[in-house]
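One structure is given below, encoded as structure tokens.
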Amino acid sequence: MASAAPAELPFHLRGNYAPVAEEITAFDLPVEGTLPPELRGLYVRNGPNPRSGTSPHWFTGDGMVHGVRLEGGRASWYRNRYVRTRVYEEGLSFVGEDGSVDRTVGVSNTNVVGHAGKLFALVESSFPMCLGPELQTLGAWDFDGRLATAMTAHPKLCPRTGEMHFFGYAFAPPFLVYHRVDAGGRLVQSEEIAVPGPTMIHDFAITEGHVVFMDLPVVFTPELAVQGRFPYQWSDGYGARLGVMPRGGRGAEVRWLEIEPCYVFHPFNAFEEGGRIVLDVARYPELWRQGSEGFDPAYLHRFVLDAAAGKVSEQRLDDRAIEFPRVDERRNGLPTRFGYAAANRLGAGSSPERLVKYELATGACRELDLGPGVAPSEFVLVPAGARAGEDEGWLVGYAFDRARGASDLLVLDAARFAGPPVARVRLPARVPFGFHGNWIPAV
Ligand SMILES: [Fe+2]
């Protein structure tokens with residue numbers, strides 16, 4: 001790798017996609033502007049950072065979490081830490097040479113989510129890894145032995161019940177299993193969901209009454225696995241369907257609704273409206289027909305599912321290429337007016353360029369350019385207070401400042417989206433472009 005010219009490296013090892021070499025602890029970080037004093041907690045984001053400096057695919061590098069603790073109008077610390085998985089520590093793979101699978105092994109590089117007093121680093125091949133308050137790794141968690149599958153990196157927390165809904169998918173049967181965890185953290189339901197084959201199922205959605213699964217035609221391909229390549233690719237023959245199940249229901253109750261073939265990594269949200277389900281997503285018209293290195297653009301797209309009639313209507317609502325869609329998490333499964341995302345003309349591999357804020361019903365969009373050479377990652381909405389309305393709060397996320405060769409934690413006013421950042425926390429290092437994070441309020 002050292003002898004390769006930068007242009008010969010795959011995108012995920014170049015520029016601000018490249019891993020950082022050091023774990024850093026820095027206290028009392030410099031702040032430009034004013035940090036809102038109500039921001040008391042931890043912003044933490046996960047992403048791949050291969051320990052060896054290289055990985056065959058963007059999705060397979062060791063997880064590294066980057067966190068900033070905010071309190072009393074100060075940025076009291078920044079820490080970046082590898083998730084010390086058995087991949088990191090022992091060089092293991094979650095699939096053994098005999099094809100057996102060990103869910104205690106995984107790169108834990110995709111998301112970081114708090115629930116019932118635990119902080120989970122997640123990757124969809126494996127069990128969650130628990131992290132401590134200073135981002136130290138505590139170990140794998142299988143819900144007291146109740147979890148027998150992998151756990152998606154995109155569990156859904158229900159703002160009404162405190163439940164956590166999630167699923168695990170696999171390349172061997174059972175291909176898809178749904179799980180429900182109560183507000184206290186106890187896994188109370190596991191339900192096999194029958195699907196025709198082993199697809200890559202990255203995310204899903206909940207509403208007040210239902211769970212929505214996405215069985216889309218990016219299919220496990222053993223020949224690729226044998227070659228040591230990323231083992232999923234587009235299938236023209238698999239078809240595409242959305243599955244609607246009552247929350248807490250049985251696998252046999254899932255209604256499958258055919259849609260145009262496409263791929264979705266991430267929904268914005270889903271909600272019930274007049275007996276139908278609205279599902280807003282970042283939709284790829286196609287993904288990985290020719291290998292899994294590149295990413296074509298994804299667009300804001302609205303599905304309206306009518307399970308009673310067995311039909312789905314769908315519509316592209318905007319022509320900007322987007323990813324990392326988010327909504328106010330307090331509206332998870334509930335009607336949502338606003339969505340936020342990172343926009344990018346060329347898909348992954350180029351730098352994200354700006355943030356966008358959508359009126360989801362219409363696709364009306366406002367763009368925020370953070371300035372020359374400043375590239376955002378995913379931003380999350382932190383409510384301004386317990387009774388704050390939707391969009392009343394702060395958008396928090398990392399942005400890479402090319403001129404400084406380092407990243408900032410930016411705090412934006414969600415309602416006054418186009419204005420300058422409210423605060424800019426200067427970090428001492430780069431935060432590579434990664435995947436997902438969340439705000440963990442101080443208790
Ligand atoms: Fe994701």
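What you are looking at is a predicted structure, and each value in this text was computed from that prediction instead of being measured. Atoms within a ligand are numbered from 1 in the order they appear, just like the ligands themselves.
Side chains of T207 and R247: no donor on one and acceptor on the other come within 3.5 Å. In summary, the side chains of Y340 and D391 do present a donor paired with an acceptor at a separation below 3.5 Å, with no hydrogens or angles considered.
Applying the salt bridge (charged side-chain N to carboxylate O under 4.0 Å, His left out) test to every pair with at least one member in residues 119-137, sequence neighbours left out, gives these pairs: R79-E134.
In this structure D144 satisfies the salt bridge (charged side-chain N to carboxylate O under 4.0 Å, His left out) test with no other residue, sequence neighbours excluded.
Under the 30°/60° scheme for interplanar angles, the aromatic rings of Y169 and F167 are found to be tilted.
Within the protein, the number of N/O/S atoms found under 2.8 Å from the Fe ion (ligand 1) is 4.
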Please table the atom pairs, donor to acceptor, closer than 3.5 Å between any side-chain atom in residues 259-266 and protein atoms at least two apart or in another chain.
{"unit_1": "Y263", "atom_1": "OH", "unit_2": "M200", "atom_2": "O", "d": "2.7"}
{"unit_1": "H266", "atom_1": "ND1", "unit_2": "E323", "atom_2": "OE1", "d": "2.8"}
{"unit_1": "H266", "atom_1": "NE2", "unit_2": "H154", "atom_2": "NE2", "d": "3.3"}
{"unit_1": "H266", "atom_1": "NE2", "unit_2": "H202", "atom_2": "NE2", "d": "3.0"}
{"unit_1": "H266", "atom_1": "NE2", "unit_2": "H436", "atom_2": "NE2", "d": "3.0"}

